[in-house]
Protein chains: 2
Amino acid sequence: MGRFALGMFDERGFEQTTLEDIARGLGIGRRTLFRYFASKNDMVWGDFDGVLRRLRGELAIRSPDAPLMDALRDAVIASNTYPDEALPELRTRMTLITTVPALQAHSMLRYAAWRGVVAQFAAERLGASAEDLVPRSLGYAALAASTAAFTHWVEHPREDLLTLLDRAYRLLAAGFDPARFQR
Amino acid sequence: MGRFALGMFDERGFEQTTLEDIARGLGIGRRTLFRYFASKNDMVWGDFDGVLRRLRGELAIRSPDAPLMDALRDAVIASNTYPDEALPELRTRMTLITTVPALQAHSMLRYAAWRGVVAQFAAERLGASAEDLVPRSLGYAALAASTAAFTHWVEHPREDLLTLLDRAYRLLAAGFDPARFQR
DNA sequence: GGTTTTATCGCCTTCAGTGCCACAAGTCAA
DNA sequence: TTGACTTGTGGCACTGAAGGCGATAAAACC
C-alpha cells in the first residue's frame, strides 16, 4: 500500500500524483487512505517506527565505556545497515524525501522523534536532561550528519551509504577541524 | 504587512488565522497577499534575504588566518546581533517557527539558502565544491547549532541568545567531546 | 444468533494555492 | 494630450489536501 504509493510518486512525480489517483489505483476509497496515513507526505515513510526502535536498540547495546561519539556513530551505521535487496526502495524513498520540497519540509517533523532518541541517549550519558542545550544540539547535529550523508548518497548512487555515514559522523566528532580529518 | 500577519498569528494562533482573516484585517484582497508572499508560511519570515546578506558579509570579512570554525562562529554571532528593540519581534517569529509544525517544516526550505551560504564559505576555505560532503555537512551542522540555540532561547526567554549561539557553536567545534567543553 | 466493535468510504466543508482576467493607476514618449 | 505600456489590485472559479460526520458492511466476541 505504501509501496504502491511510493511507486506512483516515483514514476509520475509526487505533486503530479493525487490521493484520488492512489485510491483509484488501489481500488479503495480516498477517505480510507487517511485511515492508514496521517497525510500524503507520510506515505513515503515506510516503517519509520521500526527505524527508531532499531536506533534505540543499537544505542542501548553500546558499551558505556565507548566514547559518546563513537557509540553514536556505530549505532547509526548499524541501524542503517540493510540487505542489498532493500537498497533500491530505500533509495527511492530517500530520493523523494531529499528532492521533493514538500517532503523535505515534512521530514523536519518526522525526524523530530529521531533527534529525540539521540538527545535522550546523550542526556543519559551526560547526566543531563534531553531538553538541555547539549543533548538537543547533538540531536540536531547527528541528524545533520545523517542528512548530509543521505543527500550525498542520493546524488552519487555509486558511493556506499555506510561509508558516507561514517565520514559524516567522523567529521562531526572531529569538530570539522581540517587538521583532524583525512579527506 | 508581514508585521500585521505576525501579530495575528501570535494572538490567535497560526492555524486559526486564515488568509481571509489577514486580507480582511488589512483591507486588501486575499489574492493580493500572494503578490507579497509566496505562501502563508512565508509570512512569518521577515527580511530573510537581509539575514543571508548579513551572514555572507560577516563571513567575507573574517581573516583568512582565523580557523574555519572560529570564523564561522563569530560570523553567525555577529549576524544574529540585534538591537534590544528588535528582540521581541524576533522572539515572536522564532517562537512561531520553532513551535508551529507547519512552520517548523517550512523552515527546512527557507534555511536551505542559509546552509548554502555556510557550505559555500567552507568550500572556498577548503578548496572544495559547495556540493561536496564536507562543506555540505558543515552547512547542515551549522544550521543544527543555530536551531538548537534558537529553540533553547525560545523556551528560556531569560537566557541570552548570543551566549547560547556561542555555546552551541563551541560544542560543534569541540566535536561534542565531553572532555573538551565546559558546562 | 445477536451484539458490539472495527473498517470502509461517500458526502460535504474548509482552506491554501493557482490560473485567468478585468480594471485602475501610474509612467513614458511623441 | 493622447496613446501605449507597465504595474498593482483583486474578483472568480478551480484543484487538491485534510478532516468531520455518518451510513453500511464485515469481523470478532459472547
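Letters A, B, ... are given to chains in the order of the sequence lines, protein chains preceding strands, and every chain is numbered from 1.
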_Residues from residues 6-34 of chain A lying under 4.0 Å of DNA chain C - heavy atoms_ = A:Ile28, A:Gly29, A:Arg31, A:Thr32
Which whole-number value in Å describes the distance from [X] [atom1] to [N] [atom2]?
X       : N      : atom1 : atom2 : value
B:Met43 : C:dG17 : CE    : P     : 8 Å
B:Arg35 : C:dC23 : CZ    : C1'   : 13 Å
B:Phe37 : C:dG17 : CZ    : P     : 12 Å

*asked:* Which residues pass the side chain to side chain contact (heavy atoms under 4.5 Å, CB included) test with B:Phe37, not counting sequence neighbours?
replied: B:Met1, B:Met43
*Not counting sequence neighbours, which residues clear side chain to side chain contact (heavy atoms under 4.5 Å, CB included) with B:Ala130? List them please.*
B:Ala119, B:Gln120, B:Ala123
Residue pair [X] / [Y]: nearest heavy atoms and the distance that separates them:
X        : Y        : value
B:Trp114 : B:Leu55  : NE1-CD2, 3.3 Å
A:Ala71  : A:Ala66  : CB-CB, 4.4 Å
A:Ala173 : A:Arg180 : O-NH2, 4.1 Å

*Salt bridge or not for A:Glu58 and A:Arg54, using N-O below 4.0 Å?*
no
*Should B:Asp49 and B:Arg53 count as an ion pair when the cut-off is N to O under 4.0 Å?*
no
*Taking atom types as modelled, is there a side-chain donor on B:Asp166 or B:Thr163 under 3.5 Å from an acceptor on the other?*
no
*Okay, side chain of A:Asp132, backbone of A:Val134: is any donor-acceptor separation there less than 3.5 Å?*
no
*Considering only heavy atoms, which members of residues 93-102 of chain B lie under 4.0 Å from some atom of DNA chain D?*
none
*Can you tell me which residue pairs pass the side chain to side chain donor-acceptor pair (under 3.5 Å) test with a partner in residues 24-41 of chain B, sequence neighbours excluded?*
B:Ser39-B:Asp42
*With respect to the phosphate group of D:dT9, does any side-chain polar atom (N or O) of B:Tyr36 fall under 4.0 Å of OP1 or OP2?*
yes
*Using Watson-Crick and G-U wobble pairs with both distances under 3.5 Å, what is the 5'-to-3' dot-bracket string of DNA chain D, with [ ] for crossing pairs and | for pairs outside the strand?*
||||||||||||||||||||||||||||||
